[in-house]
Amino acid sequence: MPLIKLTSILCECPEESDKDEIYLKFGDQKIWPIGKKFIKIDTDEELVIGLKTKVTKIGWMTIELWEYDLTSSNDHLGTFHLEINSDEPETKTTILSRNEDFSQKASYMLNWEVLG
């Protein structure tokens with residue numbers, strides 16, 4: 001079973017005109033940030049994640065990116081599809097796959113590693 005580390009997330013373009021309030025989900029569980037509802041991020045900012053997890057099998061893992069809204073329902077900005085080919089150490093970057101809603105402008109990259 002490989003161990004992976006979500007290293008950092010980079011915002012190329014936020015969804016909102018000011019900073020996005022982002023968080024990550026795996027399945028139906030919020031996994032980051034720990035101890036906070038969200039973390040604010042703006043254009044060209046990179047946030048350290050530092051989250052490690054064991055993967056039960058080789059294949060695909062999906063991490064969802066969400067934007068917190070105080071006055072309405074939270075926005076699903078898209079999904080990171082992580083392809084885990086082996087338990088050999090390597091560093092990867094995955095680009096956000098957005099929903100079919102072409103009005104969204106959010107653009108993010110997730111940096112992650114297979115630790116072995």
Side-chain angles (χ1 to χ4, degrees):
M1 291 190 298
L3 178 66
I4 68 161
K5 178 180 180 183
L6 303 180
T7 309
S8 63
I9 188 166
L10 173 69
C11 176
E12 292 183 308
C13 180
E15 179 66 23
E16 297 189 354
S17 59
D18 57 355
K19 295 182 177 190
D20 281 349
E21 295 85 21
I22 63 167
Y23 63 96
L24 296 174
K25 287 176 71 173
F26 175 66
D28 288 331
Q29 297 276 51
K30 180 178 149 296
I31 58 170
W32 180 87
I34 298 170
K36 297 180 181 180
K37 289 184 180 182
F38 58 84
I39 293 183
K40 290 187 176 192
I41 191 169
D42 205 354
T43 306
D44 295 329
E45 283 187 315
E46 185 172 7
L47 299 174
V48 173
I49 298 173
L51 183 66
K52 294 179 185 177
T53 187
K54 283 210 181 267
V55 178
T56 57
K57 62 182 178 180
I58 302 296
W60 291 94
M61 177 179 180
T62 57
I63 306 289
E64 296 178 350
L65 179 64
W66 287 79
E67 208 274 325
Y68 180 84
D69 283 326
L70 182 61
T71 58
S72 63
S73 61
N74 296 340
D75 299 320
H76 181 219
L77 298 181
T79 304
F80 296 105
H81 300 281
L82 285 57
E83 184 178 13
I84 303 158
N85 297 320
S86 72
D87 58 359
E88 294 296 316
E90 63 181 313
T91 301
K92 295 187 173 193
T93 298
T94 301
I95 297 171
L96 180 71
S97 296
R98 293 185 302 188
N99 301 331
E100 294 298 318
D101 181 359
F102 294 107
S103 66
Q104 288 185 321
K105 63 179 183 178
S107 179
Y108 284 85
M109 291 189 293
L110 181 68
N111 298 307
W112 58 286
E113 301 174 52
V114 177
L115 300 175

State, to 0.1 Å, how close Gly27 and Glu64 come at their nearest heavy-atom pair, and which atoms those are.
-> O-OE1, 4.3 Å

Counterpart residues, side-chain contact (heavy atoms from CB on, under 4.5 Å), relative to Tyr23 (two or more places apart) = Lys25, Lys30, Pro33, Trp66, Tyr68, Asn74

Does the Glu15 side chain pair with the main chain of Ala106, one donor and one acceptor, at a distance under 3.5 Å?
-> yes

Does a side-chain heavy-atom distance below 4.5 Å link Asp42 with Asp18?
-> no

Hey, mind stepping through Trp112 and Ile49 against side chain to side chain contact (heavy atoms under 4.5 Å, CB included) and telling me if it holds?
-> CA-CA 9 Å; Trp112 58 286; Ile49 298 173; over 6 Å; no

Rounded to the nearest 0.5 Å, what separation is found between the OG atom of Ser107 and the CG atom of Leu77?
-> 11.0 Å

Minimum heavy-atom distance between Leu96 and Gly78, given as atom pair plus value = CD1-C, 3.4 Å

Non-hydrogen atoms of Ser86 and Val114 that approach each other most closely | O-CG1, 3.7 Å

Could you list the residues that satisfy side-chain contact (heavy atoms from CB on, under 4.5 Å) with Ile31, not counting sequence neighbours?
-> Leu6, Leu24, Phe26, Leu51, Ile63

With ILVMFWY side chains joined below 4.5 Å, transitively, what does Val48's cluster contain besides itself?
-> none

Run the numbers on Leu82 and Leu110 for side chain to side chain contact (heavy atoms under 4.5 Å, CB included), then give the verdict.
-> CA-CA 9 Å; Leu82 285 57; Leu110 181 68; 4.0 Å; yes

Do Ile39 and Ile41 belong to the same hydrophobic cluster, where Ile, Leu, Val, Met, Phe, Trp and Tyr are linked whenever their side-chain heavy atoms lie under 4.5 Å apart, directly or via other members?
-> yes

For Ile95, look at atom CD1 and say whether over 12 heavy atoms of other residues, nucleotides or ligands are found less than 6.0 Å away.
-> no

Are the side chain of Glu67 and the backbone of Ile22 linked by a donor-acceptor contact shorter than 3.5 Å?
-> no

Shared hydrophobic cluster, Phe38 / Ile9 (ILVMFWY, side-chain heavy atoms < 4.5 Å) | no

Separation between CD1 (Ile84) and CD (Glu90), nearest 0.5 Å, reads 9.5 Å

Measure the spacing between CD of Glu21 and CG of Leu70 and express it to the nearest 0.5 Å.
-> 9.0 Å

Separation of Lys54 NZ from Leu115 CG (nearest 0.5 Å) = 9.5 Å

Look up atom CD in Glu46 and atom SG in Cys11, then write down how far apart they are to the nearest 0.5 Å.
-> 11.0 Å

How close do Thr62 and Thr79 get, heavy atom to heavy atom, and via which atoms?
-> CB-CG2, 3.7 Å

State, to 0.1 Å, how close Pro14 and Thr43 come at their nearest heavy-atom pair, and which atoms those are.
-> CD-OG1, 3.1 Å

With no hydrogens and no angle check, is any side-chain donor or acceptor of Lys92 less than 3.5 Å from a backbone partner on Glu83?
-> yes

Nearest 0.5 Å, what's the CG-CG distance between Asn111 and Leu10?
-> 7.0 Å

Residue pair Glu113 / Thr7: nearest heavy atoms and the distance that separates them = OE2-OG1, 3.3 Å

